[in-house]
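To find a chain, count down the sequence lines: A is the first, B the second, and so on, and within it residues start at 1.
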Amino acid sequence: MYALEINGLGKVYEKGNRALNDVSLRVPQGSFFALLGPNGAGKSTMINILADIVRPSEGRVTLLGHDLFSERNWCKRRMGVVPQEIAFDPFFTPHEVLRFTAGLFGCRPDEAWLDELLERLELTRHAGKKARQLSGGMRRRLLVAQALVHRPELVILDEPTAGVDVELRRRLWDFMRELNAGGTTILLTTHYLDEAEELCDHVAIIDRGQLLTAQPMRTLMREIASSWLWLNYGRPVTLTDEDQVALAGFEPRGSEEGVCLKLGQSQDGQSTFHQAYQAAVARFGPPMDAGVRREDLEDVFLRLTGHGSQAQGSGVKS
Amino acid sequence: MSQMNLTGARALFMREVRRFLKVNMQTIVTPALTAMLYLVIFRYAMGDRHVPGMEVDYFTFLVPGLAMMAMMQNAFANTSSSMIMGKVMGMQIYLLMAPLSAFEVVAAFLLAAVVRAVVVAAAFLVVLLPFVDFSMPHPGIALVYGICASLMMGGMGLIGGMWARDFDQVAMVTNFVILPLTFLSGVFYSVQQLPPFWQAINNANPFFYLTDGFRYGFLGVGDTDPFASMGVVLVSVVVTCLACWQLWRSGWRMKE
Ligand SMILES: Nc1ncnc2c1ncn2[C@@H]1O[C@H](COP(=O)(O)OP(=O)(O)OP(=O)(O)O)[C@@H](O)[C@H]1O
Ligand SMILES: [Mg+2]
């Protein structure tokens, strides 16, 4: 069963600005799902369509098997959304805001749960302040708490950690992980890719309204992330045409300190580390230092979004 | 199909009531004082004069008119300010994200507007109790007209607030639409005092029937037949509420 099945979702804003183009995506139930993309990619547009804040131009969505657009209220009761834009009611305290939000979602007052939310989001000390007296990070945490008041089965967070300090960010993620372990599906966007890589088991990358890839994190990292051999010569290296020919197949790159060679697999399934090293030594002599670096999510992300068509090509190739 | 979310509607209603209670200086005391000020000024300006063609003196004539004007203006202010504030501060999205039907949202807003209107009018009238003789020949009519006026103005405030993009635009609607409509609804005069042209304008103003009917309930005198006007009033109220419902349902000016 999928928490979300998105089919052919598209959005054209007024004035013909296309923000989403035929996006199809499945979010497995119980997954911890990262929706990544550069600024303006269409992440918030997608989330706001799910939240009923923006109208879709085309496409279908089901939530836990129910049609999102025809069974809106059923779906809304099972979904909690943290908006990207900070929203707050200046007259009310965090505690009042939570009680009110719970009411909106049709929940009977459950003070124990509200207190727990305040506690987990480190707002207990500020529960009696007016919202306008809270700092930016506190307001963001209050939004997270608001999304959880009705114990939703799917939690969608649009940049929940923007402006939240390191310590609290970590605790927020711990809390999300706990919820996820309890069966809650979590979909989030973030620009902290290292956090996404560490936390999430699924990832989708969109750019300019197009879905570039959507896979389990491990598959993506195994199939798209590559390893690079770096050799340090203690001087900048500029590659000549001859170097290019001799090292063809390793996608050589000169750098400030030496060279980098991309590693792959030879026919018998072995890493091409040995060949690459030999080839480099043959051209430049023995390095002062060397090592292998595996690409992380950030590298993959930059590669996929950096140069459109080539990026998609490399995704297909591997 | 989907069941009602009464808890949600109640929560919204309570928030709307709390919102104006929290700033009661601005939302209750000031409007009641303003009405009082009008009363005092006109009392001295007009002396003991009687309203032409009616059995009442000007002071008594003014009291229900001013109460009605305060109700209308405050009902409008309640919904329009809450709406624009929600939009500007961004928290209106919670009403869109919550499992609330358009009916529930509109009902909660309008009921809160009625409560605000009644509280302001009551604050004004209670102070006057020792000075004015309210015999109130038709309290039922006064009540119906008061509630209808608040509903209608609350509805117009909802629509105005949805339409507006910022506080300035709300102020514009208040100053250029609501103030003239309420000032010209026969609060300060009987239409019989007016030249024919202005009488015609008055008769086209739905709030004139509201004010006049309300006054009839209070004093038993008026320019129109309150039972005949009831039709106009009920139709206007229903149309306003339906417009609110339909606009909210369609996400007008709220959803991209
Ligand atoms: N209300 C709107 N009206 C018109 N265009 C919009 C509107 N909101 C967003 N857009 C456009 O839609 C595109 C996608 O925006 P969106 O906010 O979904 O991006 P995002 O992926 O969330 O970016 P970010 O990482 O900066 O939050 C952008 O080109 C943006 O300019
Ligand atoms: Mg965004």
Neighbour count above 12 (heavy atom, 6.0 Å) for [X] [atom1]:
X        : atom1 : value
B:Phe103 : CZ    : no
B:Gln246 : CD    : yes
A:Arg78  : CZ    : yes
B:Gln26  : CD    : no
A:Tyr2   : OH    : no
A:Arg60  : CZ    : no

Point-to-point distance, once rounded to the nearest 0.5 Å, from [atom1] of [X] to [atom2] of [Y]:
X        : Y        : atom1 : atom2 : value
B:Met97  : A:Leu50  : CE    : CG    : 11.5 Å
A:Ile53  : B:Met254 : CD1   : CE    : 10.0 Å
B:Ser250 : A:Arg55  : OG    : CZ    : 6.5 Å
A:Asn48  : B:Lys255 : CG    : NZ    : 11.5 Å
B:Tyr94  : A:Phe105 : OH    : CZ    : 8.0 Å
B:Arg19  : A:Phe92  : CZ    : CZ    : 5.5 Å

Would you find a donor on one side and an acceptor on the other, under 3.5 Å apart, between the side chain of A:Lys76 and the backbone of B:Leu96? yes
Applying side chain to side chain donor-acceptor pair (under 3.5 Å) between A:Glu96 and each of B:Arg18, B:Lys22, B:Arg15, report the one that passes.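 Exactly one candidate clears the test, B:Lys22.
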Under 4.5 Å from any heavy atom of chain B, what part of A:Cys75 do you find: side chain, backbone, both or neither?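 Neither part, no heavy atoms under 4.5 Å.
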Checking side-chain contact (heavy atoms from CB on, under 4.5 Å) between A:Leu104 and each of B:Val105, B:Leu95, B:Asn5, which is the one that passes?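 Single pass found, and it is B:Leu95.
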State, with a plain yes or no, whether a side-chain heavy atom of B:Thr7 is found less than 4.5 Å away from one of A:Arg108. yes
For chain B, which of A:Thr45, A:Ile49, A:Leu143 has the most heavy-atom pairs under 4.5 Å?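 Sorted descending by pairs with chain B, the first entry is A:Leu143.
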Verdict with reasoning, A:Phe88 to B:Met91, per side chain to side chain contact (heavy atoms under 4.5 Å, CB included): CA-CA 6 Å; A:Phe88 70 100; B:Met91 73 252 183; over 6 Å; no
Locate the shortest heavy-atom distance separating A:Lys11 from B:Glu256; write the atom from each residue and the value.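 That closest heavy-atom pairing would be NZ-O, 3.2 Å.
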Against chain A, label B:Val23 side chain, backbone, both or neither, depending on which of its atoms sit under 4.5 Å from a heavy atom there. side chain
